[in-house]
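To keep things clear, I will list the structure first and then write my remarks on it.
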Amino acid sequence: MRAQSSATAPPAIAVATPGRESRGFGTLQAALGVVAFSLTFPATAWGLEGFGPWSLVAVRSVLAAVIAGSALLALRVPLPARRHWPGLAVVGAGVVLGFPLLTTLALETSTTAHAAVVVGLLPLTTALFSALRIGTRPSRTFWIAALAGAAAVLAFTVQQSGGALTTADLYLFAALVVCAAGYTEGGRLARVMPGWQVIGWALVLCLPLTVPVASIALAHEPVQLTAHSVAGLLWVAAGSQFVGLVVWYRGMAAIGIPKASQLQLAQPLLTLVWSVLLLGEHLTVAAPLTAAAVLVCIAVTQRSRG
């Protein structure tokens, strides 16, 4: 009996360690997704220098679908089960079509700093959608830290925009809602299929709509191919629309939707840094103070237990 007991002990220890490593790797993947998303608004601003808003959104979706479809075909990935298609449709409507279109329309009249307000609210909205859709129940500490982090980000981004509301706010609010729904559904699906297949099939599912829209938009909106516009288009198509979402969904599946969403509290600050470097916008001295507050909130949410 003693020999049998000691023989079974090592496997139990061996199973626990990879779990911790998997969660750490999941956090890293979610963080990489946040970095990719933080470049979306500056890249979109570049893209709008040479493309109309409808052309930019439709073409980026088509290009991302080509990348995803090629990978799905090359690896001979079977079609998802019929029960997963409604969820994939939600992902497509939220993160493939809705969020890119609404934020692109907003950025025609809004600065990237002002648009970052929606990203500051996204973690809370995603956690709320997760609680409603999946039944997750984060702890009170989690919610207090999340609210504090969101408040810090909102205060900073509103201050950056001068505190004035613009007509783009309705676009940004709608983008917040549809993106949170898409993130939540995508995170749920990423538990039963690889994350890259979730966004890949969502992109392919949208092709019957994005291809004709791209054709019509390119025929009616002026196009000027410049280094900025092409680079911006390529990034939002390959980086934001596909690679970023692949690692993001994998991260959410590993560490949970609420905790992964809180990593996005750092996204507005990263976006503002890129805006300075790429767009020439200016930051105030409040930036490092807000960054420190957000990092504390992220640390608390990552350690809290639901």
May I ask you to test the F41-L107 pair for a side-chain heavy-atom distance under 4.5 Å?
-> yes

N/O donor-acceptor pairs under 3.5 Å from side chains in residues 74-98, not counting sequence neighbours:
{"unit_1": "W85", "atom_1": "NE1", "unit_2": "P80", "atom_2": "O", "d": "3.3"}

Heavy atoms only: give me the nearest L278-P42 pair and the separation to one decimal.
-> CD1-CB, 4.1 Å

Out of curiosity, does L147 fall in the hydrophobic cluster containing F142 (side-chain heavy atoms, cut-off under 4.5 Å, transitive links)?
-> yes

With distance as the sole criterion, is a donor-acceptor pair present between the side chains of E49 and S229 under 3.5 Å?
-> no

What about L170 and L176, same hydrophobic cluster or not, with Ile/Leu/Val/Met/Phe/Trp/Tyr joined at side-chain heavy-atom distances under 4.5 Å?
-> no

Relative to each other, are the rings of F37 and W248 parallel, tilted or perpendicular (30° and 60° limits)?
-> perpendicular

Closest non-hydrogen contact found for A36 with G244 is CB-CA, 3.8 Å

Sequence neighbours left out, cut at 3.5 Å: what donor-acceptor pairs do the side chains of residues 193-216 make with other protein atoms?
{"unit_1": "T210", "atom_1": "OG1", "unit_2": "C206", "atom_2": "O", "d": "3.2"}
{"unit_1": "S215", "atom_1": "OG", "unit_2": "V211", "atom_2": "O", "d": "3.1"}

Would F242 and L73 show up in the same hydrophobic cluster when neighbours are defined by side-chain heavy atoms closer than 4.5 Å?
-> no

Determine whether the side chains of T112 and S275 contain a donor N or O and an acceptor N or O closer than 3.5 Å.
-> yes

From CA spacing to verdict: side chain to side chain donor-acceptor pair (under 3.5 Å), Q267, S38 = CA-CA 5 Å; Q267 186 173 325; S38 71; over 6 Å; no

Pairs touching residues 212-232 that satisfy ring pair (Phe, Tyr, Trp, His ring centres under 6.0 Å), sequence neighbours left out | W46-H228

Between D169 and F173, does a side-chain contact (heavy atoms from CB on, under 4.5 Å) hold up when you go through it step by step?
-> CA-CA 6 Å; D169 289 332; F173 179 77; over 6 Å; no

